[in-house]
Peer 1: 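Following this message is one structure expressed as structure tokens.
The analysis underlying the following values was restricted to heavy atoms, covering all of them including side chains, and did not include hydrogens, waters or symmetry mates.
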Amino acid sequence: MIRAFLALAGIMLAATTPVHAAPAKAPSAKSKSAKAKSKAAKGKAAAKPAPVKEAEPPRPLTPDAMRVAEWVSSAGDNRALPYIIIDKQGAHAFLFDAKGKPLADAPVLIGIAPGDDATPGIGSKNLSEIGPAEKTTPAGRFLAKFGVAAGKQQVLWVDYATSVALHTIPPGNPKEKRTQRMLSPEISDNRITFGCINVPKLFYRQKVSPLFRKKGGYVYILPDSKPIEEVFPRLRVQPFLKAAAQPQGGEAAVGMNE
């Protein structure tokens with residue numbers, strides 16, 4: 001009886017003894033190599049720099065803008081101050097430093113109405129009082145300086161008397177789509193302002209503002225329809241001054257013989 005009881009107890013102990021799971025299979029060398037390669041590939045992808053967008057080449061000056069730039073530089077008409085040439089027909093601005101070195105260019109938005117003269121007394125009118133034909137950007141040579149406009153906004157006053165300023169696109173009527181107009185390759189849709197000159201933010205803040213902030217500078221606005229010599233009379237004598245500045249071989253020889 002005792003033997004039978006001991007045998008039964010042994011069977012029960014054997015049944016309740018836990019069975020250990022088989023050890024996990026170690027990863028093969030091929031698996032380790034594949035993981036290492038995948039990790040290295042991800043690292044290379046993360047370290048690969050984003051493609052750099054090439055800067056657009058500077059826009060060449062139009063013939064009239066070139067004439068004005070050569071005259072200003074050779075005659076020192078800018079009085080050692082930076083200057084901007086606004087080509088209304090091309091809806092573009094060209095920025096120069098005080099020595100006449102071209103620095104940057106940018107598209108611009110200008111007055112809705114073509115024209116080269118400002119309406120007398122327009123500077124004292126409210127925007128709502130300005131008629132469609134009066135929304136012109138006048139042509140000419142202007143001494144521009146920074147100042148405060150409506151809403152305590154700092155702008156580059158081109159002609160304070162006629163309320164013409166150079167500044168970024170103002171927050172206004174979204175239906176005008178000024179940003180889209182500025183980015184458009186078309187020139188005709190760049191006429192949208194009341195007469196002021198709108199320029200891109202980067203051009204204004206990083207290029208124009210540092211140069212003009214201290215002492216100001218000059219803005220030369222090319223005409224829509226007037227002869228350019230009528231707007232800038234000194235251009236008439238520029239060819240003669242340029243010719244006179246060139247040394248003449250015969251005259252130099254005579255001087256030496258004497």
Side-chain angles (χ1 to χ4, degrees), residues 55-73 77-78 81-116 118 135-147 149 153-160 162-170 178-213 215-224 226 228 231-232 235:
E56 294 184 3
R59 182 168 176 170
L61 274 70
T62 60
D64 283 346
M66 180 66 75
R67 286 185 64 190
V68 173
E70 289 180 350
W71 156 58
V72 173
S73 179
D77 187 77
N78 59 315
L81 292 174
Y83 58 97
I84 302 173
I85 296 176
I86 305 293
D87 180 6
K88 288 199 291 180
Q89 295 184 20
H92 217 77
F94 301 93
L95 175 66
F96 300 80
D97 67 8
K99 296 182 179 180
K101 178 183 177 181
L103 298 178
D105 64 278
V108 297
L109 301 180
I110 54 177
I112 293 175
D116 300 317
K135 298 175 182 179
T136 61
T137 300
R141 172 185 182 268
F142 304 92
L143 177 59
K145 293 186 177 183
F146 271 94
Q153 177 190 4
Q154 285 282 329
V155 299
L156 181 65
W157 283 111
V158 176
D159 187 18
Y160 188 83
T162 58
S163 295
V164 175
L166 186 147
H167 54 80
T168 59
I169 295 175
R178 293 199 180 194
T179 301
Q180 292 88 330
R181 289 170 177 268
M182 183 175 286
L183 297 175
S184 168
E186 299 294 328
I187 296 176
S188 58
D189 63 359
N190 286 48
R191 292 185 178 272
I192 188 62
T193 76
F194 281 68
C196 285
I197 303 161
N198 293 173
V199 297
K201 287 184 179 180
L202 290 179
F203 179 76
Y204 183 77
R205 294 175 180 174
Q206 297 183 5
K207 303 295 183 180
V208 176
S209 183
L211 285 176
F212 282 70
R213 180 67 64 179
K215 296 182 179 180
Y218 284 91
V219 177
Y220 300 85
I221 303 178
L222 306 188
D224 279 320
K226 283 185 176 182
I228 192 169
V231 178
F232 307 109
L235 286 177

Peer 1: For residues Leu143 and Leu81, determine if any side-chain heavy atom of one lies less than 4.5 Å from a side-chain heavy atom of the other.
Peer 2: yes
Peer 1: Could you pull out the closest heavy-atom pair between Asp105 and Phe94, with the gap in Å?
Peer 2: CB-CD2, 3.7 Å
Peer 1: Show the nearest heavy-atom pair for residues Ala118 and Pro138, with the distance to one decimal.
Peer 2: N-CB, 4.0 Å
Peer 1: Do any N or O atoms from the side chain of Asn190 and from the backbone of Ile110 form a donor-acceptor pair under 3.5 angstrom?
Peer 2: no
Peer 1: Are Ile228 and Leu222 side-chain neighbours, meaning at least one heavy-atom pair lies under 4.5 Å?
Peer 2: yes
Peer 1: With rounding to the nearest 0.5 angstrom, report the NE2 to CD1 distance, His92 to Ile85.
Peer 2: 12.0 Å
Peer 1: Donor-acceptor check, side chain of Lys88 to backbone of Gly115, threshold 3.5 angstrom: yes or no?
Peer 2: yes
Peer 1: Which distance, rounded to the nearest 0.5 Å, do you find between the CD1 of Ile84 and the CG of Asn78?
Peer 2: 12.0 Å
Peer 1: Please step through side chain to side chain contact (heavy atoms under 4.5 Å, CB included) for the pair Leu211 and Leu103, ending with a clear verdict.
Peer 2: CA-CA 11 Å; Leu211 285 176; Leu103 298 178; 3.4 Å; yes
Peer 1: Should the ring pair Phe232 and Trp71 be called parallel, tilted or perpendicular, given that the plane angle runs from 0 to 90° and is split at 30 and 60?
Peer 2: tilted
Peer 1: May I ask you to test the Val158-Ile221 pair for a side-chain heavy-atom distance under 4.5 Å?
Peer 2: yes
Peer 1: Are a donor atom and an acceptor atom from the side chains of Thr193 and Asn198 found within less than 3.5 Å of each other?
Peer 2: no
Peer 1: Could you tell me whether Arg191 and Asp224 have a side-chain N and a carboxylate O separated by less than 4.0 Å?
Peer 2: yes
Peer 1: To the nearest 0.5 Å, how far apart are NZ in Lys207 and CG in Asp97?
Peer 2: 11.5 Å
Peer 1: Please tell me whether Arg205 and Ser209 have a donor and an acceptor in their side chains that are separated by less than 3.5 angstrom.
Peer 2: no
Peer 1: I need the Leu183 CG to Asp189 CG distance, nearest 0.5 Å.
Peer 2: 10.0 Å
Peer 1: How close do Gly111 and Thr137 get, counting heavy atoms only, and between which atoms?
Peer 2: N-OG1, 2.8 Å
Peer 1: Restricting to non-hydrogen atoms, name the atom on Arg213 and the atom on Phe146 that form the minimum distance, rounded to 0.1 Å.
Peer 2: NH1-CD2, 3.5 Å
Peer 1: Counting distance only, does the side-chain N/O of Arg141 pair as donor-acceptor with the main-chain N or O of Asp77 below 3.5 Å?
Peer 2: yes
Peer 1: Could you report the tightest heavy-atom contact between Met182 and Pro200, atom names first, then the distance?
Peer 2: SD-CG, 3.6 Å
Peer 1: Given 3.5 Å as the limit, does a donor-acceptor pair link the side chain of Asp87 with the main chain of Ala65, or not?
Peer 2: no
Peer 1: Is there a donor-acceptor contact under 3.5 Å from the side chain of Thr136 to the main chain of Ala113?
Peer 2: no
Peer 1: Is there a side-chain contact between Phe212 and Leu95, using heavy atoms and a 4.5 Å cut-off?
Peer 2: yes
Peer 1: CD1/Ile169 to SG/Cys196 distance, rounded to the nearest 0.5 angstrom?
Peer 2: 13.0 Å
Peer 1: Tell me if the CZ atom of Phe203 is crowded by more than 12 foreign heavy atoms within 6.0 Å.
Peer 2: yes
Peer 1: Would a 4.5 Å heavy-atom cut-off, applied to side chains only, mark Pro170 and Arg178 as touching?
Peer 2: yes
Peer 1: Which atoms form the tightest heavy-atom contact between Lys226 and Val231, and what is the distance?
Peer 2: CB-CG2, 4.1 Å
Peer 1: Taking it one step at a time, do Lys145 and Trp157 satisfy side chain to side chain contact (heavy atoms under 4.5 Å, CB included)?
Peer 2: CA-CA 5 Å; Lys145 293 186 177 183; Trp157 283 111; 5.9 Å; no
